[in-house]
Amino acid sequence: MSARTTVARALRSVAPRRDDLKRDALAGVPDAIGGVPDGMAAAVLVGVNPVHGLYAAFAGRVAGGLTSSERLVVITTTSSAALAAGSALRGTPAADRPGALFLLTLLAGVAMIVAGVCRLGRYPRFVPHSVMIGFLSGLALNIAFGQLADLTGVVASGSIPLTKALYVVAHPGQIDGPSLAVGLAALSIIALLRRSHLARVGALIAVVLPSIVAATVWADQVLLVSDEGAIKTGLPVPALPHLRYLDLDLITGALAVAAIVLVQGAGVSESAPNPRAEPSRPNREFLAQGIGNVAASLVQGQPVGGSIGQTALNRASGAASRWAAIFSGLWIAVVLLVLSPAVGKVAIPTLAGLLIFAAIGSLRPREARAILRTSTTSRIALIATFVATLLLPVATAVGIGVALSLVMQLNQEALDLRVVRLQPRPDGRFEEQPAPLVLPSDEVTVLDVYGSLLYAGARTLQVRLPDVGSADRPVVVLRLRGRTALGATFFVVISEYAAKLAEHGGRLYLSGADPELVRQMHRNGKVELAAPVAIYEASAVVGESTAQATEDARTWLIEHHPPVSSDPPPP
């Protein structure tokens, strides 16, 4: 395919349909209305001027909308990405934080693009559900704890959101009455409007009305967005971030943000399938989110990713194509061009109230309870990730949860491994029975294995295989159907077992082996060097290779049975 054809096809895929254009332009309005307070609140989480959240909301929607394969997904600021970025920049001085943030966003975007190019789109599915629920629950409480100071007007000290919240609780005398009143008003408004016909504009009303009261009654007491820094009119001129902020902590923080955005984005894509049943492309979604972050960085924005709330609002507003998200970004650009002075008048406690409300709403107690009622592995992964998210940087918490879950899963698979005996029946089928503890002499024992044979599973197999003991000419047929790869530990275990059988005049047969597994065994060579081993490839008929191996093993046993002496016994 020529480059011209590729470009032409790409342009056709993003071109708006005339029939959908008006519908998408209108659908983008409520999404933009909800996106303005959300973008500002996300910037508060990072610890920068809220206008940088609006820049990111504009750029992410437009760039992501043009490149995503999921036509209704909205790529914009998210609480998880914001909190991860704020955690990565925790030790950065306030004056350097914006510049470091723009570079972190660029690095995260590049990492996402590389992940898409390397076709890593299938890997987010390996993050356990228990880890994600533990992370999201801890994240929600971190957001709520972290905003308690802004809600009450307290200048709190503490290195993590939990300690800041405890400071506020321990110093009630420092609570500023007007700030608390404005914040609680925003919380009450959005809660009351949540189930009304004004739900789509509830966040905007919750920000605007209390901010007007704050500007009118408590003009010098309540902290405003403009107090965090000057609000420039219009859009920023695109520019590359400065590399002087580059260090190892920033790189690791960017990689953590990329991982969190991609994992959460995979869940958002599943919740918003394309109309007309068009297939989703996970690798292209990685690219789209990466391009969205690069674009956000160039316009002095923060990290963006697939947003569950904004995507749901986009669908509820009647979006027909990707252009609904693009239009919502363009409407946000209009806000920046026309209403920048008004943005500076927004009261910070109202944004804190929005974040606390969203955090409480994102808790999933039912799912957490369901996980706690399942396996020990899931319970420990949930609790460990939850506690780590509360007490440690976000990236570290997710890494601990995933690592702990993988270790426990491998351990559980090893413990669950079971060896059974397949007893041949007269009708040619096999009957499953408990495996013998010791192999019988001059007999073919057919074994099957349930469970993983990788890593510790292979050593568990070594313990649970029947002991050779003092048997004469024991023959074992070990069924391996359904296994496409085995590790080096398995080859060590099985070669030692084959050698023990050979020492007692017996032999090992491996049946149901996948062709690739057979090639792997030949390349390894260890099994066949230790003792004669017969390997039978799996066929399309289940049990056929095992039946053939069993028949050949009996024939071999007869042929190698010691001759019976015809001499009479001595007197």
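All of these numbers come straight from a predicted model, not from anything done at the bench.
Taking Glu516 as the reference, Arg519, Arg523 meet the salt bridge (charged side-chain N to carboxylate O under 4.0 Å, His left out) condition, with sequence neighbours excluded. Every residue two or more places apart in sequence or in another chain that forms a ring pair (Phe, Tyr, Trp, His ring centres under 6.0 Å) with Phe102 is listed here: His52.
In this structure, the side chain of Arg97 does not engage the main chain of Val48 through any donor-acceptor pair within 3.5 Å. In this structure a side-chain-to-backbone donor-acceptor pair under 3.5 Å is missing from Ser378 to Thr374. A distance-only check finds a donor-acceptor pair linking the side chain of Thr389 to the backbone of Thr385 [under 3.5 Å]. The main-chain N or O of Leu224 is found under 3.5 Å from a side-chain atom of Asp227 such that the two form a donor-acceptor pair.
Residues Leu107 and Leu246 are in side-chain contact: their nearest non-hydrogen atoms beyond the backbone lie under 4.5 Å apart. Using a 4.5 Å heavy-atom threshold, the side chains of Leu235 and Phe58 count as touching. Between Asn142 and Leu83, the closest side-chain pair of non-hydrogen atoms falls below 4.5 Å. Contact annotation: the side chain of Val182 never approaches that of Val213 to less than 4.5 Å [non-hydrogen atoms, C-beta and beyond]. Side-chain contact between Val217 and Val222 is absent, with no heavy atoms from C-beta onward closer than 4.5 Å. Side-chain atoms of Leu21 and Phe327, non-hydrogen and from C-beta on, do get closer than 4.5 Å to each other. Glu367 has its side chain within reach of His129: a pair of non-hydrogen atoms, C-beta onward, lies under 4.5 Å apart. Taking the side chain as every heavy atom from C-beta outward, Val225 and Asn49 approach each other to under 4.5 Å.
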Give every donor-acceptor pair under 3.5 Å between a side-chain atom in residues 22-34 and any protein atom, sequence neighbours left out.
| unit_1 | atom_1 | unit_2 | atom_2 | d |
| --- | --- | --- | --- | --- |
| Arg23 | NE | Gly318 | O | 2.6 |
| Arg23 | NH2 | Gly318 | O | 3.4 |
| Asp24 | OD1 | Ala320 | N | 2.7 |
| Asp24 | OD1 | Ser321 | N | 3.3 |
| Asp24 | OD2 | Ser321 | OG | 2.5 |
| Asp31 | OD2 | Arg61 | NE | 3.3 |
| Asp31 | OD2 | Arg61 | NH2 | 3.4 |
| Asp31 | OD2 | Ser328 | OG | 3.0 |

Sequence neighbours excluded and cut-off under 3.5 Å, please list the side-chain donor-acceptor pairs for residues 337-346, or say none.
| unit_1 | atom_1 | unit_2 | atom_2 | d |
| --- | --- | --- | --- | --- |
| Ser340 | OG | Lys232 | O | 3.3 |
| Ser340 | OG | Leu336 | O | 2.3 |

Just distance, no hydrogens or angles: give the donor-acceptor pairs under 3.5 Å from side chains in residues 188-197, sequence neighbours left out.
| unit_1 | atom_1 | unit_2 | atom_2 | d |
| --- | --- | --- | --- | --- |
| Ser188 | OG | Leu184 | O | 2.8 |
| Ser196 | OG | Leu193 | O | 2.9 |
| Ser196 | OG | Leu198 | N | 3.2 |

Please output the side-chain donor-acceptor pairs of residues 202-212 that fall under 3.5 Å, not counting sequence neighbours, one pair per line with the distance.
| unit_1 | atom_1 | unit_2 | atom_2 | d |
| --- | --- | --- | --- | --- |
| Ser211 | OG | Val207 | O | 2.6 |
| Ser211 | OG | Ala347 | N | 3.0 |

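Leu54 and Ile332 make their closest contact through O-CG2, 3.9 Å (heavy atoms, listed as atom of the first residue, atom of the second, distance). Between Ala108 and Ala254, the closest heavy-atom pair is CB-O, 3.6 Å. Nearest heavy atoms, Leu151 versus Gly183: CD1-CA, 3.4 Å. Of all the heavy atoms in Val304 and Ala296, the pair that sits closest is CG1-CB, 4.4 Å. Taking both residues in full, the closest heavy atoms of Val44 and Pro50 are given as CG2-CG, 4.1 Å, listed atom of the first, atom of the second, then distance. When all heavy atoms of Ala140 and Ala359 are compared, the pair lying nearest together is O-CB, 3.2 Å.
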*Intermediate values then yes/no, side-chain contact (heavy atoms from CB on, under 4.5 Å), Leu330 and Val62*: CA-CA 7 Å; Leu330 296 176; Val62 174; 4.2 Å; yes
*Would you sort out whether Leu390 and Phe145 count as a side-chain contact (heavy atoms from CB on, under 4.5 Å), showing the intermediate values?*
CA-CA 10 Å; Leu390 286 179; Phe145 291 154; 4.3 Å; yes
*Going through the distances and angles, do Ile113 and Phe286 end up as a side-chain contact (heavy atoms from CB on, under 4.5 Å)?*
CA-CA 6 Å; Ile113 292 173; Phe286 279 20; over 6 Å; no
*Might you work through the side-chain contact (heavy atoms from CB on, under 4.5 Å) test for Ser68 and Arg284, ending with a clear yes or no?*
CA-CA 6 Å; Ser68 174; Arg284 182 168 167 181; over 6 Å; no
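Here CG of Asp20 is found 12.5 Å from CH2 of Trp323. Values are rounded to the nearest 0.5 Å. Note: Gln147 CD to Leu354 CG = 10.0 Å, rounded to the nearest 0.5 Å. A distance of 7.5 Å separates OG in Ser80 from CG in Leu136, rounded to the nearest 0.5 Å. Note that the CZ atom of Arg364 and the CD1 atom of Ile371 stand 9.5 Å from one another [nearest 0.5 Å]. Taking OG1 of Thr92 as the start and CG of Leu250 as the end, the distance is 7.0 Å to the nearest 0.5 Å. The structure places CD1 of Ile75 at 13.0 Å from CD of Gln310, a figure rounded to the nearest 0.5 Å.
The number of heavy atoms from other shown groups lying within 6.0 Å of CZ (Arg119) does not exceed 12.
With no hydrogens or angles considered, no side-chain donor-acceptor pair links Gln302 and Thr77 at under 3.5 Å.
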